[in-house]
There are 2 protein chains.
Amino acid sequence: MEKQTITIYDVAREASVSMATVSRVVNGNPNVRPDTREKVLKVIEKLDYRPNAVARGLASHRTTTVGVLIPDLTNIFYASLARGIDDVATMYKYNIILASADAAKNKVDTVLESILAKQVDGLIFMGPHLSDSTRKELERSKTPVVLAGTVDPLDKLGSVNIDYVAAVKEATQRLLSTGNEHIAFVTGAMTDPINGQYRLKGYQAALSEAKIAYDESLVFETEYSYRAGEAIWDAVKRSGATAAVITDDELAVGFLNGANDGHTRIPEDFEIITSNNTMLTEIVRPKLTSIAQPLYDIGAVAMRLLTKMMNKEEIEQKTVLLPHSIITRSSTK
Amino acid sequence: MEKQTITIYDVAREASVSMATVSRVVNGNPNVRPDTREKVLKVIEKLDYRPNAVARGLASHRTTTVGVLIPDLTNIFYASLARGIDDVATMYKYNIILASADAAKNKVDTVLESILAKQVDGLIFMGPHLSDSTRKELERSKTPVVLAGTVDPLDKLGSVNIDYVAAVKEATQRLLSTGNEHIAFVTGAMTDPINGQYRLKGYQAALSEAKIAYDESLVFETEYSYRAGEAIWDAVKRSGATAAVITDDELAVGFLNGANDGHTRIPEDFEIITSNNTMLTEIVRPKLTSIAQPLYDIGAVAMRLLTKMMNKEEIEQKTVLLPHSIITRSSTK
DNA sequence: ATCATAAATGCAAACGTTTTTACAATTTTC
DNA sequence: GAAAATTGTAAAAACGTTTGCATTTATGAT
């Protein structure tokens with residue numbers, strides 16, 4: 001009663017051809033006469049033969065599997081990217097080994113190791129921070145890697161993003177344009193390059209162009225979660241800010257509700273711009289003005305880029321910047 | 001420059017032992033003398049040897065990989081289950097091959113086939129409906145399967161759920177208790193057993209016990225999405241209902257905002273109970289009263305159950321019902 | 001010491017494919 | 001009609017492990 005599997009050998013025998021020929025048929029190799037192909041296909045059908053991907057992977061050194069590292073499955077931002085990744089992966093016949101790796105918990109390297117052991121053909125990395133040890137691990141494995149929705153400050157790996165500097169600058173300018181002089185910047189860990197090196201720069205650039213002094217006490221560093229947003233509202237309000245650029249929707253939504261529940265009127269008394277334009281921005285009241293990133297596309301393009309790398313195709317540019325915009329809703333004047 | 005990999009053979013040679021011994025060391029087989037183990041470990045360290053999981057899978061017929069089918073990654077309900085699954089999988093050293101398979105698009109069987117080809121040791125199936133062809137495919141593969149957050153009307157496969165009949169019955173009773181006589185039931189496809197056979201039954205049971213005639217025109221069948229909720233609000237309102245039981249949070253949130261934007265006061269003029277108690281219920285205003293399902297746990301327990309099946313351990317019961325409750329918030333009186 | 005037993009190791013055959021090589025059969029070319 | 005080129009097929013060697021079995025070495029009781 002054990003898994004008695006039909007192998008390529010059974011098919012070969014039954015069709016009176018060699019295993020090699022069956023393999024060719026299965027893989028669409030043109031060097032097979034139409035009638036033998038036909039004959040083999042008949043037998044495959046009859047025996048209901050299914051190639052074993054593991055054996056195939058061992059023999060061919062290709063597993064048609066890619067690893068995907070995601071910090072948090074339940075964060076809509078990452079889930080949206082993942083959907084783009086998944087769709088394109090399926091399109092190109094790749095399976096995805098997904099692993100969530102909370103950077104905070106130092107799980108990344110362990111998880112990565114287990115994924116690499118599975119001989120994935122490529123890897124997509126989401127999440128804000130790529131540690132040195134992770135980078136080293138990746139290099140040693142020589143597996144093609146693309147970052148999705150996160151930057152590589154060393155600019156060595158493939159990556160797909162929007163221009164975070166410009167986006168945050170525009171968002172800040174939008175708030176400046178309605179007369180705000182004290183604009184808070186609420187974001188995640190500054191050690192993440194995307195925050196500390198890119199977004200912050202955009203924020204500062206906008207202020208500087210408007211001849212407003214950068215005030216560190218208006219920068220709030222917290223984590224990306226609803227609760228964190230609720231929690232930080234009071235502090236931001238007390239800082240004297242009259243508007244905020246927030247870099248994550250869950251955070252922004254928590255923040256907004258903190259304001260709502262504290263009876264501050266949005267946008268009359270306080271304006272908010274968030275950054276990811278996920279469904280959340282439309283669910284809350286007032287709806288949130290947001291930087292619009294093409295989330296699905298970032299994932300999709302990242303995966304597409306990865307397929308090229310895995311095929312060793314020529315890559316015109318390994319850092320792709322997708323367009324962004326600002327969608328005005330009701331949390332700004 | 002090609003991937004010159006260190007194999008078990010290299011380690012064996014360098015440590016002057018046989019491959020078998022190295023294999024034993026790597027796999028923690030106790031039949032190795034401490035000092036040889038030590039010696040081998042040193043060499044492994046020195047050569048930075050990493051076992052190839054594909055070869056391992058071929059030789060041992062175990063891949064330490066499980067397949068996970070998810071209908072929609074961006075639906076927080078499923079994402080929450082997935083997180084539970086992922087955590088437990090990691091705990092037991094399994095990797096996850098994740099595939100999203102929109103049942104609507106008939107992708108399920110194709111995707112499933114590709115996953116099974118990868119020789120996964122087990123499979124977790126989410127999503128409301130298990131078609132006959134899918135079921136057949138699963139049976140033929142003899143792969144252990146657990147359904148998470150969905151029922152098996154034939155009661156053949158493992159599954160982890162709450163008692164959907166009781167939960168919806170209680171939710172309906174909650175609405176009856178505040179005097180509602182026309183309660184709408186807003187849900188997904190009735191062809192999905194979880195809706196047509198379980199939840200509906202709970203709804204009907206509550207009505208019947210309250211001696212209220214079941215009125216089919218109060219049952220609304222739509223899809224699980226924010227837009228669908230917004231869209232259906234008017235129809236429900238026009239039906240004369242004064243309250244609704246809704247079986248998906250995104251749907252409920254859309255519905256709520258439809259009501260809000262149409263200036264119906266919740267809960268004064270219309271009461272709502274939703275079903276999944278995701279973060280969304282706390283994000284909207286008024287916050288939504290909800291059936292509370294232990295989402296993370298459903299996923300976690302499902303994965304745990306699957307590990308037992310994969311180990312061929314004795315299973316006390318293959319259908320697990322986890323406790324539920326009703327969390328009262330502000331969308332009910 | 002001696003033998004029986006148990007523990008540690010090695011040998012070599014799987015595992016189910018792909019891929020290389022070689023050759024036979026066919027087709028093309030002149 | 002022979003030589004050359006092409007095509008179709010088979011045989012066998014990888015791929016990097018695990019594992020059953022045989023063999024060697026250690027252990028302990030006599």
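Model, not experiment: these values are computed from the prediction. Throughout, protein chains are lettered first and strands after them, A, B, ... in sequence-line order, and every chain is numbered starting at 1.
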Student: Taking atom P of D/dT18 as reference, at what distance in whole Å does atom CG of B/Asn27 sit?
Tutor: 4 Å

Student: With the criterion being N/O to N/O and under 3.5 Å, what pairs connect the protein with nucleotides 8-10 of chain D, and how long is each?
Tutor:
{"residue": "D/dT9", "atom": "OP1", "partner": "A/Arg33", "partner atom": "NH2", "Å": "3.4"}
{"residue": "D/dT9", "atom": "OP1", "partner": "A/Thr36", "partner atom": "OG1", "Å": "3.2"}
{"residue": "D/dT9", "atom": "OP2", "partner": "A/Arg33", "partner atom": "N", "Å": "3.2"}
{"residue": "D/dT9", "atom": "OP2", "partner": "A/Thr36", "partner atom": "OG1", "Å": "2.9"}
{"residue": "D/dA10", "atom": "OP2", "partner": "A/Ser18", "partner atom": "N", "Å": "2.5"}
{"residue": "D/dA10", "atom": "OP2", "partner": "A/Ser18", "partner atom": "OG", "Å": "3.2"}
{"residue": "D/dA10", "atom": "OP2", "partner": "A/Thr21", "partner atom": "OG1", "Å": "3.1"}
{"residue": "D/dA10", "atom": "N6", "partner": "A/Arg24", "partner atom": "NH2", "Å": "2.9"}

Student: Can you check the A/Arg50 CZ to C/dC15 C1' distance for me, whole Å?
Tutor: 20 Å

Student: Taking only side-chain nitrogens and oxygens of A/Asn52, does any of them come within less than 4.0 Å of OP1 or OP2 of C/dC15?
Tutor: no

Student: In terms of side-chain heavy atoms of A/Ser60, which of C/dT17, D/dT18, C/dT19 is nearest?
Tutor: C/dT19

Student: Which whole-number value in Å describes the distance from A/Asp10 CG to C/dG16 P?
Tutor: 9 Å

Student: Taking the side chain as every heavy atom from C-beta outward, state whether A/Asp86 and A/Ile96 have any pair of such atoms under 4.5 Å apart.
Tutor: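 Result yes, sub-4.5 Å side-chain heavy-atom pair found.
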
Student: Please check the phosphate of D/dA12 (OP1 and OP2 only) for any side-chain N or O of A/Tyr9 closer than 4.0 Å.
Tutor: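 Negative; the distance criterion is not met.
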
Student: What residue among B/Leu138, B/Leu69, B/Thr150 forms side-chain contact (heavy atoms from CB on, under 4.5 Å) with B/Leu130?
Tutor: B/Leu138

Student: Checking side chain to side chain donor-acceptor pair (under 3.5 Å) for the pair B/Asn27/B/Ser23: CA distance, chi angles, key distance, verdict?
Tutor: CA-CA 6 Å; B/Asn27 293 294; B/Ser23 174; 3.3 Å; yes

Student: Figure out the CD/P separation between B/Gln119 and D/dT17, and round it to whole Å.
Tutor: 19 Å

Student: Please tell me if the side chains of A/Tyr94 and A/Asp121 come closer than 4.5 Å, counting only heavy atoms from C-beta onward.
Tutor: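 In short, these two side chains touch, coming nearer than 4.5 Å.
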
Student: Rounded to whole Å, please give me the gap between CZ in B/Arg13 and P in D/dT17.
Tutor: 13 Å

Student: Pick the closest DNA chain D nucleotide for A/Ala55 and for B/Ser23 by heavy atoms, then say which residue is nearer the 5' end.
Tutor: A/Ala55

Student: Check whether the side chains of B/Lys118 and B/Thr65 place a donor and an acceptor atom closer than 3.5 Å, and report yes or no.
Tutor: no

Student: Just the rounded figure in Å: distance from P of D/dC15 to CD1 of B/Ile8.
Tutor: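 Whole-Å distance recorded here is 15 Å.
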
Student: With a 4.5 Å cut-off on side-chain heavy atoms, are B/Phe125 and B/Leu157 touching?
Tutor: no

Student: Rounded off to whole Å, could you give me the NE2-to-P distance for the A/His61 and D/dC15 pair?
Tutor: 6 Å

Student: Using whole Å, what does the distance between atom P of nucleotide C/dG10 and atom NZ of B/Lys39 come to?
Tutor: 7 Å

Student: Would you say B/Val66 and B/Leu123 make side-chain contact, with heavy atoms under 4.5 Å?
Tutor: no

